[in-house]
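So that the names make sense, note that chain A is the first sequence line, chain B the second, and so on, each numbered from 1.
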There are 2 protein chains.
Amino acid sequence: MSSSGTGTELAASLRAVGLRVTATRERVYAAIARSPHATPEALTELVNLDEPAIPPSSVYRALDALEEAGLVTHTHLDHHAPTYHRADHAQHLHLVCRECGAVTESPASVADDLVATLADRHGFAADVTHMAIHGRCAACRP
Amino acid sequence: MSSSGTGTELAASLRAVGLRVTATRERVYAAIARSPHATPEALTELVNLDEPAIPPSSVYRALDALEEAGLVTHTHLDHHAPTYHRADHAQHLHLVCRECGAVTESPASVADDLVATLADRHGFAADVTHMAIHGRCAACRP
DNA sequence: CTTACTGCAAATATTTTGCATTTGG
DNA sequence: CCAAATGCAAAATATTTGCAGTAAG
């Protein structure tokens with residue numbers, strides 16, 4: 001049980017949807033695990049601390065593959081910035097400070113009431129796992 | 001009180017922050033009022049049903065100006081799509097269907113509990129007005 | 001008048017795609 | 001082996017910017 005069996009899960013999840021296990025996908029997945037809330041650009045940089053370098057286009061394709069395998073999800077925390085995180089670490093909401101940009105996490109359960117209300121009133125099945133809430137964090141409040 | 005004095009409010013809000021009142025800004029603002037949740041691209045198209053045509057770059061600049069004047073706000077409902085709405089019509093959340101893309105609105109008050117909880121547990125002042133919730137709408141559920 | 005705004009076109013930034021080559025299963 | 005994935009470079013998309021002319025105040 002060296003490193004929580006993550007490598008094995010990655011292989012299994014990819015194969016389960018008919019995708020291959022490649023070095024590129026392993027490296028991108030490892031980078032996401034190391035750096036939650038990272039953008040594709042940031043992940044490219046992070047991944048390329050090691051060689052051989054992986055071009056941005058391949059990072060994008062790896063992200064698609066990982067997402068298709070259900071290993072990662074992405075959220076749009078701000079403008080041009082999809083951020084990726086591991087699916088098994090996704091049960092939280094993102095509190096994005098409009099002031100300093102800090103991203104805090106909160107357990108998804110705080111939104112249970114809201115989810116129930118939306119299901120009730122609109123028949124809408126909300127996935128709060130993908131939710132970003134903007135506002136002002138404790139540190140940036142007067 | 002013909003049309004709720006909107007034209008006057010626009011002029012006043014722009015001037016209040018030292019911006020000028022121009023035909024471009026009036027037309028873009030009118031388009032937003034007519035079509036909530038529209039992207040810059042959609043607004044450009046809508047605005048250009050009348051002539052003279054306004055180029056995209058000017059629409060972007062008008063949106064910036066209107067936002068700076070506090071007349072409109074924008075939200076990111078999905079990938080490359082900031083959507084604009086009038087600030088005085090913004091007290092709602094956006095329920096975005098991942099299936100069909102439909103955007104439903106729900107009064108912001110349904111999130112009151114959540115807002116209170118986040119303030120309580122994280123000292124985070126959430127602005128649910130800018131919140132998009134992804135999921136599946138009633139029509140797209142089995 | 002004076003400075004901000006606009007239109008146009010070119011520049012940026014970001015993500016996607018075609019295709020020959022490599023590699024996983 | 002065969003199909004899928006990669007690397008590279010070029011294309012597509014979205015947004016920003018420089019500048020000279022126009023118009024708001």
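- A/H85 and A/H37 are not linked by any side-chain donor-acceptor pair at a separation below 3.5 angstrom, with hydrogens and angles left out of the test.
- Taken residue by residue, residues 16-23 of chain A places heavy atoms nearer than 4.0 Å to DNA chain C at A/R20, A/V21.
- For B/A33, the side-chain contact (heavy atoms from CB on, under 4.5 Å) partners at least two apart in sequence or on another chain are B/R86.
- A salt bridge between B/R136 and A/D127 is absent, with no side-chain N of the basic residue lying under 4.0 Å from a carboxylate O of the acidic one.
- The nearest whole Å value for the distance from the CG atom in B/L14 to the P atom in C/dT6 is 10 Å.
- For the residue pair B/H92 / B/S106, no side-chain donor-acceptor distance below 3.5 Å is found, with atom types taken as modelled.
- In terms of modelled atom types and a separation under 3.5 Å, the side chain of A/S58 and the main chain of A/I54 share no donor-acceptor contact.
- Counting non-hydrogen atoms under 4.0 angstrom, A/P82 reaches the backbone sugars and phosphates but no base.
- When the side chains of ILVMFWY residues are joined at heavy-atom separations under 4.5 Å, either directly or via intervening members, A/L66 and A/V21 end up in a single hydrophobic cluster.
- Shown for residues 55-68 of chain B: residues whose heavy atoms fall under 4.0 angstrom of DNA chain C, namely B/P55, B/S57, B/S58, B/R61.
- The ring pair (Phe, Tyr, Trp, His ring centres under 6.0 Å) test applied to B/H74 returns A/H79, B/H76, B/Y84, not counting sequence neighbours.
- Residue A/L118 is tested with A/D120, A/L114, A/V115 for a side-chain contact (heavy atoms from CB on, under 4.5 Å); the sole match is A/L114.
- Every residue meeting the side-chain contact (heavy atoms from CB on, under 4.5 Å) condition with B/A38, not counting sequence neighbours, appears here in chain and number order: B/S35, B/A42, B/L43.
- Crowding of B/E105 atom CD: a count of heavy atoms from other residues, nucleotides or ligands under 6.0 Å exceeding 12.
- The outermost nucleotides of DNA chain D lying under 4.0 Å from heavy atoms of chain A, listed 5' to 3', are D/dA3 to D/dT15.
- Spacing between atom CD1 of B/I54 and atom C1' of C/dT6 amounts to 10 Å, rounded to whole angstrom units.
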